[in-house]
Amino acid sequence: MFTNLLPDDEPYLVYIEPYAQRHFIKRFEKDYPGKRWMVTLDSIREDLKRVRALARTSQVDELRYANGFWLFKYDFSVALSKKSPKASGNRCLVFLDSSTHQLRILLLYGKDDLPKQISESEYLRQVMEEQYRVYLKYFL
């Protein structure tokens, strides 16, 4: 859930960062071949386009907010898995820029993808510092 409301209800453009494509989506494509993963990815994009409606649900966890920029986690489930988005352990890390109406999927991962020796928060912090410093400047 967002602590700050989005300024309008316009649809957002959704982009997937190359790092997310190379390191995470490839694994999901391999684990869920064919239409199952394609339907899931389309559903994620469609949900995120209407992020204002999602902002009031438990599927979204705001991590950071500053001056119209959000960093948040979005819970999703794979098509035909019969699990709720929260219970599935699958998440997207998303950067939102309300001024340009753009969302950037930075990571797309399952809980099993995380290293065992550090917490999820610590892992996300490390990836942000290593791969996405450009987005961190918005929150300083």
Side-chain angles (χ1 to χ4, degrees):
M1 191 171 284
F2 288 163
T3 56
N4 298 279
L5 292 179
L6 292 167
D8 56 45
D9 202 16
E10 297 295 316
Y12 279 68
L13 298 172
V14 179
Y15 300 97
I16 298 173
E17 290 293 320
Y19 180 79
Q21 181 68 43
R22 284 191 316 269
H23 292 277
F24 300 97
I25 291 178
K26 276 190 172 183
R27 191 210 38 97
F28 278 101
E29 287 173 341
K30 190 176 177 181
D31 289 351
Y32 304 102
K35 286 188 174 185
R36 192 168 174 196
W37 175 246
M38 296 305 290
V39 167
T40 301
L41 191 55
D42 287 344
S43 175
I44 291 168
R45 284 187 175 125
E46 289 302 314
D47 283 352
L48 290 175
K49 282 180 186 178
R50 298 180 308 274
V51 69
R52 187 167 184 169
L54 283 177
R56 296 181 290 265
T57 70
S58 63
Q59 276 185 271
V60 172
D61 297 316
E62 181 181 298
L63 301 176
R64 293 186 182 184
Y65 168 80
N67 304 317
F69 301 100
W70 281 263
L71 186 64
F72 67 93
K73 290 189 295 187
Y74 165 67
D75 299 320
F76 70 93
S77 60
V78 175
L80 303 174
S81 68
K82 298 183 181 180
K83 290 184 178 180
S84 73
K86 274 282 194 214
S88 73
N90 296 322
R91 298 191 174 104
C92 296
L93 181 65
V94 182
F95 175 82
L96 183 151
D97 179 347
S98 64
S99 64
T100 62
H101 285 84
Q102 292 184 8
L103 288 152
R104 303 254 175 208
I105 298 175
L106 307 179
L107 300 175
L108 209 143
Y109 62 96
K111 284 279 211 167
D112 295 338
D113 295 326
L114 303 176
K116 303 294 182 217
Q117 65 273 20
I118 61 173
S119 69
E120 179 178 7
S121 297
E122 180 63 21
Y123 173 73
L124 295 178
R125 187 190 63 73
Q126 285 179 4
V127 171
M128 289 299 295
E129 287 179 0
E130 292 170 9
Q131 301 297 324
Y132 296 116
R133 283 185 180 268
V134 67
Y135 296 114
L136 287 177
K137 71 180 180 180
Y138 294 103
F139 302 106
L140 300 177

Inset, instruction - Using the test side chain to side chain contact (heavy atoms under 4.5 Å, CB included), find all partners of Asp42 that sit at least two apart in sequence or belong to another chain. - result: Arg45

Legend entry - Test of ring centre spacing under 6.0 Å for Phe95 and Tyr132: no

Inset, instruction - May I ask you to decide if the ring planes of Tyr65 and Trp70 are parallel, tilted or perpendicular, using 30° and 60° as cut-offs? - result: tilted

Inset, instruction - Report the residues that fulfil salt bridge (Lys or Arg N to Asp or Glu O under 4.0 Å) with Asp47, sequence neighbours left out, ordered by chain and then residue number. - result: Arg50

Inset, instruction - State which residues pass side chain to side chain contact (heavy atoms under 4.5 Å, CB included) with Thr57; sequence neighbours excluded, sorted by chain then number. - result: Leu54, Gln59, Val60

Legend entry - Of all pairs that satisfy salt bridge (Lys or Arg N to Asp or Glu O under 4.0 Å), the ones with a partner from residues 107-119, not counting sequence neighbours: Arg27-Asp113, Lys111-Glu120

Inset, instruction - Keeping to residues at least two apart or across chains, list the salt bridge (Lys or Arg N to Asp or Glu O under 4.0 Å) pairs with something in residues 127-140. - result: Arg125-Glu129

Legend entry - ring-ring contact (aromatic ring centres under 6.0 Å, His included) against Tyr74, all qualifying residues, sequence neighbours excluded: none

Inset, instruction - Using the test side chain to side chain contact (heavy atoms under 4.5 Å, CB included), find all partners of Ser121 that sit at least two apart in sequence or belong to another chain. - result: Ser119

Legend entry - Backbone N/O of Val39 and side chain of Ser43: donor-acceptor pair under 3.5 Å: no

Inset, instruction - Considering only Ile, Leu, Val, Met, Phe, Trp and Tyr, and joining two whenever side-chain heavy atoms are under 4.5 Å apart, list the other residues clustered with Leu13. - result: Tyr15

Legend entry - With Phe139 via ring-ring contact (aromatic ring centres under 6.0 Å, His included) - residues at least two apart: none

Legend entry - Parallel, tilted or perpendicular, as decided by the 30° and 60° cut-offs, for the rings of His23 and Tyr19: tilted

Legend entry - Inter- and intrachain pairs under ring-ring contact (aromatic ring centres under 6.0 Å, His included), touching residues 96-125, at least two apart: Tyr12-His101

Legend entry - Which residues share a side chain to side chain contact (heavy atoms under 4.5 Å, CB included) with Gln21, sequence neighbours left out: Ile16, Ile25, Glu29

Legend entry - salt bridge (Lys or Arg N to Asp or Glu O under 4.0 Å) against Arg64, all qualifying residues, sequence neighbours excluded: none

